[in-house]
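Each remark here refers to the structure printed beneath this line.
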Number of protein chains: 2
Amino acid sequence: MKDPVQFLRHHGLSVTAQRLAVLRAVSRRSHSTAEVIAEEVRSEINAVSRQAVYNALGTLAEKGLIRRIQPAGSPALYEDRVNDNHHHLICRTCGKTVDVDCAKGRAPCLTAADNAGFEIDEAEVIYWGTCPKCLAKSARSRA
Amino acid sequence: MKDPVQFLRHHGLSVTAQRLAVLRAVSRRSHSTAEVIAEEVRSEINAVSRQAVYNALGTLAEKGLIRRIQPAGSPALYEDRVNDNHHHLICRTCGKTVDVDCAKGRAPCLTAADNAGFEIDEAEVIYWGTCPKCLAKSARSRA
DNA sequence: ATCCTTTATTTGACTGAGTCCATAAATTGA
DNA sequence: TCAATTTATGGACTCAGTCAAATAAAGGAT
């Protein structure tokens, strides 16, 4: 099921140039916004509408081929690493986003101390901090 | 330092009717949006501008008197429970948000498997799921 | 290969949440 | 009490994303 064409068919979705290009764009530039992906797609196929990009990102995320993350204060980001319970580390200064594996292995992340009767299906973890580059920069400016 | 007036003074902030009312509104209705808080404030003091509400929420959050959370697909929410490393459980269906204590006690939440050279200052955890009410509703409609 | 139905894409208007900026008002501290 | 500073107001504006109607492309049956 790694072939995107198969994947789309398998989910009853038509195979379109836009969807395939969006998929490739997400793989090429992980953690980028719809806007960036749209540009990337345009450099590959001649043109896409913004709406088509949003549609593609939306349905692909829904079907589980890509993942959408929506960090505070940033437009949504998309990545193709999926189904592996990993988390993100985001720089407060420059927004740089990197993957981190789940600290606790499999999926005990899903465990909350008290679930308040909720049925929990995902634990989203975002680590906020400062990336090495921005750390260096601020050290320099403080000197 | 529990008196908000003292708190504001202590941080070199002027004590204004708007700020105090915003503070009270956040305490009264935890996990509400700027919009809801603005209405709440208006019911107390006669009028506030949207901007004043955003300003107050912003500076109060910055000084650590309130906390801002920004869940995916929702406007920012504010709460007055602060400095206790708790997390949130959000219903995907109705958006209901409840507090959960950190599963691991103190603050080991701050530990990522690999920090990639970042200096981490916060681990934000959001548990996504379905609240009891929405679970019941969907069980009924499936019957 | 062609036609027909379904599914996607385009275009352009529109919304919600939040910010910017210049002016007016309130707060502070001398 | 008065100037200096800090906030608040009002209104325009931006950004990210959605809606909806019309058009075009895919997929299936013939």
Side-chain angles (χ1 to χ4, degrees), chain A residues 3-23 25-26 31-42 44-63 65-66 68-78 95 97, chain B residues 3-23 25-26 31-42 44-63 65-66 68-78 95 97:
Chain A
D3 179 14
V5 173
Q6 295 309 310
F7 184 94
L8 293 173
R9 289 250 160 74
H10 188 257
H11 283 88
L13 299 171
S14 319
V15 176
T16 68
Q18 289 86 341
R19 291 220 256 243
L20 294 174
V22 164
L23 216 31
V26 172
H31 306 136
S32 42
T33 63
E35 194 50 45
V36 168
I37 291 176
E39 280 164 34
E40 189 73 11
V41 167
R42 282 189 197 107
E44 208 188 318
I45 61 179
N46 205 2
V48 232
S49 62
R50 181 189 0 173
Q51 189 62 46
V53 173
Y54 278 107
N55 285 349
L57 290 170
T59 48
L60 292 172
E62 197 175 308
K63 298 301 185 181
L65 235 201
I66 63 177
R68 171 195 288 148
I69 58 179
Q70 285 168 266
S74 152
L77 307 178
Y78 297 85
T97 301
Chain B
D3 179 13
V5 173
Q6 295 310 309
F7 184 93
L8 292 174
R9 288 249 161 74
H10 188 256
H11 283 89
L13 299 171
S14 325
V15 177
T16 68
Q18 290 85 342
R19 291 220 256 243
L20 294 174
V22 164
L23 216 32
V26 171
H31 307 136
S32 42
T33 63
E35 193 50 45
V36 167
I37 291 173
E39 279 165 33
E40 190 73 9
V41 167
R42 280 188 198 107
E44 208 187 318
I45 63 181
N46 206 2
V48 233
S49 63
R50 181 187 0 171
Q51 189 62 46
V53 173
Y54 279 106
N55 285 350
L57 290 170
T59 48
L60 292 172
E62 197 175 307
K63 299 300 185 184
L65 234 203
I66 62 178
R68 170 194 289 148
I69 58 178
Q70 286 168 267
S74 152
L77 307 178
Y78 298 85
T97 301

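As a basis for the values below, the full set of heavy atoms in this structure was taken, side chains included, without hydrogen atoms, waters or symmetry mates. Letters A, B, ... are given to chains in the order of the sequence lines, protein chains preceding strands, and every chain is numbered from 1.
- Counting only heavy atoms from C-beta outward, the side chains of A/Val15 and A/Arg9 approach each other to under 4.5 Å.
- Within the model, atoms CD of A/Glu62 and NE2 of A/His11 stand 10.0 Å from one another, a figure rounded to the nearest 0.5 Å.
- In this structure, the CG atom of A/Leu57 is 14 Å from the P atom of D/dA16, given to the nearest Å.
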All N/O donor-acceptor pairs, side-chain side in residues 48-55 of chain A, below 3.5 Å, sequence neighbours left out:
residue	atom	partner	partner atom	Å
A/Ser49	OG	A/Ala52	N	3.0
A/Gln51	NE2	A/Asn55	OD1	3.0

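- B/His31 is not listed as a side-chain neighbour of B/Tyr78, based on a closest heavy-atom distance of 4.5 Å or more.
- Rounded to whole Å, the distance from CG on A/Asn46 to C1' on C/dT10 is 14 Å.
- Rounding to whole angstrom units, OH of residue B/Tyr54 and C1' of D/dT14 are separated by 13 Å.
- With contacts defined as side-chain heavy-atom distances shorter than 4.5 Å, the pair B/Ser32/B/Leu77 does not qualify.
- OP1 or OP2 of C/dA8 sits under 4.0 Å from a side-chain N or O of A/Arg19.
- The shortest side-chain heavy-atom distance between B/Arg42 and B/Glu40 does not fall under the 4.5 Å cut-off.
- The residue B/Ala56 sits apart from the nucleic acid: no heavy atom pair falls under 4.0 Å.
- Going from atom CG of B/Leu8 over to atom P of D/dA8 covers 10 Å, rounded to whole Å.
- For the pair A/Asn55 CG and D/dT23 P, the interatomic distance rounds to 18 Å; values are reported in whole Å.
- The distance from atom CD of A/Glu39 to atom OG1 of A/Thr33, rounded to the nearest 0.5 Å, is 7.5 Å.
- By the 4.5 Å heavy-atom criterion applied to side chains, B/Ser14 and B/Leu8 are not counted as neighbours.
- For B/Ala76, whose side chain is taken as the heavy atoms from C-beta onward, the closest listed nucleotide among D/dT18, C/dG18, C/dT10 is C/dG18.
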Contact letters for nucleotides 20-30 of chain C, in which S counts primed atoms plus P, OP1 and OP2 and B counts the base, heavy atoms under 4.0 Å:
B------SS--
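- In the interface, the side chain of B/Arg50 is not paired with the base of D/dG10 through any donor and acceptor atom under 3.5 Å apart.
- Taking the screw axis at each terminus of the helix from C/dA1-D/dT30 to C/dA30-D/dT1 from five consecutive base pairs, the angle between the two is 30° to within rounding of 10 degrees.
- Atom NZ in B/Lys63 sits roughly 13 Å away from atom C1' in D/dT6 (whole-Å rounding).
- Just one residue in the list A/Val5, A/Ile66, A/Leu57 forms a side chain to side chain contact (heavy atoms under 4.5 Å, CB included) with A/Leu23, and that residue is A/Ile66.
- Residues B/Gln70 and A/Gly12 both approach DNA chain C. Their nearest nucleotides, taken by heavy-atom distance, put A/Gly12 toward the 5′ side.
- Atom CG of B/Leu20 and atom P of D/dT7 are 13 Å apart (whole Å).
- A straight line from CG of A/Leu60 to C1' of C/dA8 spans 13 Å, rounded to a whole angstrom.
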